[in-house]
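The structure displayed is predicted, hence computed values, not measured ones. Note on naming: letters A, B, ... go to the chains in the order of the sequence lines (proteins, then strands), and numbering restarts at 1 for each one.
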There are 2 protein chains.
Amino acid sequence: MQSFTEENYLKTIYYLATRQQGEVSTNALAEMTATKAASVTDMLRKLADKQLIHYKKYQGVRLTEEGERLALQIIRRHRLWEVFLVDKLGFRWDQVHEMAEELEHIRSEELVERLDTFLGHPQFDPHGDPIPTPAGQMPETGYQKLSEMVAGEPVQLMGVLEHSTEFLQHLDRSNLTLGCTVVIREVNTFDRSVQVQLVGGQTVFISYEVAKNLLVNQPAG
Amino acid sequence: MQSFTEENYLKTIYYLATRQQGEVSTNALAEMTATKAASVTDMLRKLADKQLIHYKKYQGVRLTEEGERLALQIIRRHRLWEVFLVDKLGFRWDQVHEMAEELEHIRSEELVERLDTFLGHPQFDPHGDPIPTPAGQMPETGYQKLSEMVAGEPVQLMGVLEHSTEFLQHLDRSNLTLGCTVVIREVNTFDRSVQVQLVGGQTVFISYEVAKNLLVNQPAG
DNA sequence: ATAAAAATTTAGACTAACCTAAATTTTTAG
DNA sequence: CTAAAAATTTAGGTTAGTCTAAATTTTTAT
Ligand SMILES: [Mn+2]
Ligand SMILES: [Mn+2]
Ligand SMILES: [Mn+2]
Ligand SMILES: [Mn+2]
């Protein structure tokens with residue numbers, strides 16, 4: 001049985017590990033959890049004692065199998081609750097993250113499985129993130145960043161890498177909705193901004209900062 | 001902003017205050033919260049500092065208006081989540097209390113009001129307990145204990161005073177469901193047990209221990 | 001009315017999760 | 001290959017919420 005805090009560390013270690021190779025550093029964790037490095041060290045020793053992470057002093061940290069299973073369980077709960085808040089209660093996709101941060105810690109296997117059934121076994125959360133399986137597997141998506149695509153291709157907007165209210169509302173104002181198909185008209189070599197055309201014909205300018213955080217796939221392949 | 005622990009104390013003070021006259025005692029709180037009297041004293045000083053209770057050393061405790069408002073807000077959340085778990089997720093009425101104990105602390109005004117709308121503004125939780133208003137008023141029910149009724153009257157089973165799994169499952173096995181109408185056939189003067197007849201004709205024997213925890217009203221009046 | 005019993009508070013300590021400042025180890029740059 | 005910089009850990013504290021044991025106040029019973 002883990003505390004809220006321990007669960008949040010596991011989730012954060014998972015998150016950072018998927019965005020880099022090798023071990024996760026103490027400083028990176030301190031920044032993400034908005035605490036100090038000394039506090040992180042304390043917690044790492046505790047999680048290592050519980051066999052949830054591999055930890056050698058000064059060498060960074062990596063989840064054990066059990067630690068990863070727990071992290072994915074928490075992410076599963078987070079994403080299912082987000083689906084509930086959007087699909088059932090009518091919240092917007094930019095409003096749900098903070099509530100899900102609390103709901104993800106409600107501990108009941110049966111609750112989360114019944115919620116999953118109630119929601120119709122969704123595969124993705126409102127931000128396009130895949131929902132881990134009950135057994136603790138993260139589905140592969142094969143999505144690519146819009147910022148890495150070349151002009152000419154039609155792509156479908158599938159997910160976001162940034163979940164802040166500001167970013168999501170910016171997409172709403174640009175008429176960029178998850179699932180929509182766009183054709184890449186031009187990639188500006190100077191600032192790496194992208195110009196895309198929506199199915200309706202509207203042209204949207206997307207800065208590199210934004211394109212970097214948009215996940216797409218190619219409907220053809 | 002209160003902690004989980006402070007919220008639980010407020011709720012417990014409210015609960016004990018409605019079941020007796022006068023102030024709530026330190027020992028009663030210690031028993032209900034499964035802590036020790038010394039710990040309760042610490043917390044009472046803290047809640048008094050925050051003006052959530054009236055507290056004079058050795059004299060017991062009473063909620064302030066603000067304290068009562070908060071207590072009722074937490075009870076409102078608890079009962080709405082219980083309705084959600086039973087009506088939407090299909091849990092039985094004897095399974096939901098522990099989960100609601102956690103869910104009641106999720107802090108978002110908008111969440112609870114959207115949940116209320118989603119559930120169709122229910123007036124009662126799965127145990128027949130009235131749901132406080134958003135403004136923090138506890139609706140009056142006028143229900144009476146089955147143990148105080150006399151033979152001959154038809155009554156409707158409206159609520160329970162005991163929420164344990166064992167008690168609720170006992171009612172299920174006795175075919176006593178909320179909302180059902182029964183006629184009181186006999187009240188045994190020796191052990192105060194009650195014999196009632198269901199609409200289908202079945203006769204059920206109810207011990208005083210059980211009858212004391214059943215709330216009914218008289219359909220006529 | 002007073003002594004014993006019960007209830008309550010105070011004193012002093014513990015744990016989890018955090019902090020700052022100092023010490024240590026690793027990395028980087030000349 | 002070393003010295004400075006950066007990262008990390010250790011040392012020593014803090015706060016919330018809990019505990020036990022001792023002191024104090026209130027209640028009860030002769
Ligand atoms: Mn989220
Ligand atoms: Mn999400
Ligand atoms: Mn309950
Ligand atoms: Mn209830």
Side-chain angles (χ1 to χ4, degrees), chain A residues 1-13 15-17 19-63 67 70-71 74 101-102 104-105 107, chain B residues 1-13 15-17 19-63 67 70-71 74 101-102 104-105 107:
Chain A
M1 199 102 307
Q2 301 75 231
S3 66
F4 276 34
T5 311
E6 288 169 315
E7 290 193 345
N8 283 334
Y9 271 89
L10 290 176
K11 209 177 45 153
T12 307
I13 294 167
Y15 177 85
L16 290 172
R19 271 161 189 72
Q20 53 165 78
Q21 79 282 57
E23 337 298 300
V24 174
S25 77
T26 301
N27 267 0
L29 282 166
E31 184 175 358
M32 276 285 291
T33 57
T35 61
K36 296 304 159 78
S39 309
V40 172
T41 302
D42 283 350
M43 181 57 81
L44 294 184
R45 204 145 32 71
K46 180 151 81 148
L47 293 174
D49 286 350
K50 292 193 176 189
Q51 320 248 46
L52 300 176
I53 58 174
H54 295 291
Y55 172 54
K56 280 211 285 280
K57 283 205 301 192
Y58 295 101
Q59 305 305 299
V61 85
R62 191 162 48 80
L63 291 173
L70 286 173
I74 299 154
E101 284 293 308
E102 299 189 41
E104 72 189 5
H105 300 290
R107 214 180 320 266
Chain B
M1 197 102 306
Q2 303 74 230
S3 65
F4 276 33
T5 311
E6 288 169 316
E7 291 193 345
N8 284 332
Y9 272 91
L10 290 175
K11 209 177 44 151
T12 307
I13 294 167
Y15 177 85
L16 290 172
R19 270 160 189 74
Q20 53 166 78
Q21 79 281 58
E23 337 299 298
V24 174
S25 77
T26 301
N27 267 0
L29 282 165
E31 185 175 358
M32 275 284 292
T33 56
T35 62
K36 295 304 159 78
S39 310
V40 172
T41 301
D42 283 349
M43 181 57 80
L44 294 184
R45 202 145 33 71
K46 179 151 82 149
L47 293 174
D49 286 349
K50 293 193 175 188
Q51 320 245 50
L52 299 175
I53 58 174
H54 296 291
Y55 171 54
K56 281 211 284 280
K57 282 204 304 193
Y58 294 102
Q59 306 305 297
V61 86
R62 192 161 49 78
L63 290 173
L70 287 172
I74 300 154
E101 284 294 308
E102 299 189 42
E104 72 189 3
H105 301 289
R107 215 180 317 270

Whole-Å distance separating the [atom1] atom of [X] from the [atom2] atom of [N]:
X	N	atom1	atom2	value
B:Q2	D:dA16	CD	C1'	15 Å
A:D42	D:dT14	CG	C1'	13 Å
B:L29	C:dA7	CG	P	14 Å
B:D49	D:dT15	CG	P	15 Å
A:L44	C:dA16	CG	P	16 Å
A:E6	C:dT15	CD	P	15 Å
B:K56	C:dT9	NZ	P	13 Å
A:N8	C:dA16	CG	C1'	14 Å

With a 4.0 Å cutoff (strictly under), does any side-chain N or O of [X] reach OP1 or OP2 of [N]?
X	N	result
A:N27	D:dA6	no
A:Y55	D:dT8	no
B:K36	C:dT8	no
A:T26	D:dA7	no
B:T35	D:dT18	no
B:T41	C:dT9	yes

Of the nucleotides [options], which one has an atom closest to the side chain of [X]?
X	options	answer
B:A38	D:dT18, C:dA11, D:dA11	C:dA11
B:Y58	C:dC18, D:dT9, D:dT26	D:dT26
A:M43	D:dT20, C:dC18, D:dA11	C:dC18

query: If every non-hydrogen atom of A:A71 is compared with every non-hydrogen atom of A:L63, which pair is closest and at what distance?
result: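 Smallest heavy-atom distance, with atoms named: CB-CD1, 4.2 Å.
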
- prompt: What heavy-atom pair brings B:Y55 and B:G60 nearest, and what distance separates the two atoms?
  reply: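 That closest heavy-atom pairing would be CD1-O, 3.9 Å.
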
- request: Report yes if the side chains of A:E7 and A:L70 come closer than 4.5 Å at any heavy-atom pair, otherwise no.
  value: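 They are not in contact (no side-chain heavy atoms under 4.5 Å apart), so the answer is no.
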
field: A:N8 side chain near A:E104 side chain, heavy-atom distance below 4.5 Å
entry: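 Side chain of A:N8 against side chain of A:E104, heavy atoms only: contact under 4.5 Å found.
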
message: Would B:I13 and B:L52 count as a side-chain contact (heavy atoms from CB on, under 4.5 Å) here? Give the steps.
response: CA-CA 11 Å; B:I13 294 167; B:L52 299 175; over 6 Å; no

message: Counting the atoms with a prime plus P, OP1 and OP2 as sugar-phosphate, which does A:F4 contact under 4.0 Å by heavy atoms, base, sugar-phosphate, or nothing?
response: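 Since no nucleic acid heavy atom lies under 4.0 Å of A:F4, the category is nothing.
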
query: What nucleic acid atoms does A:S39 come within less than 4.0 Å of, heavy atoms only: base, sugar-phosphate, or nothing?
result: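 The answer is base, as A:S39 lies within the cut-off (heavy atoms under 4.0 Å) of a base atom.
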
task: Tell me which of A:Y9 and A:K57 sits closer to the 5' end of DNA chain C, going by the nucleotide each one is nearest to.
output: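 Nearest nucleotide further toward 5': that of A:Y9.
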
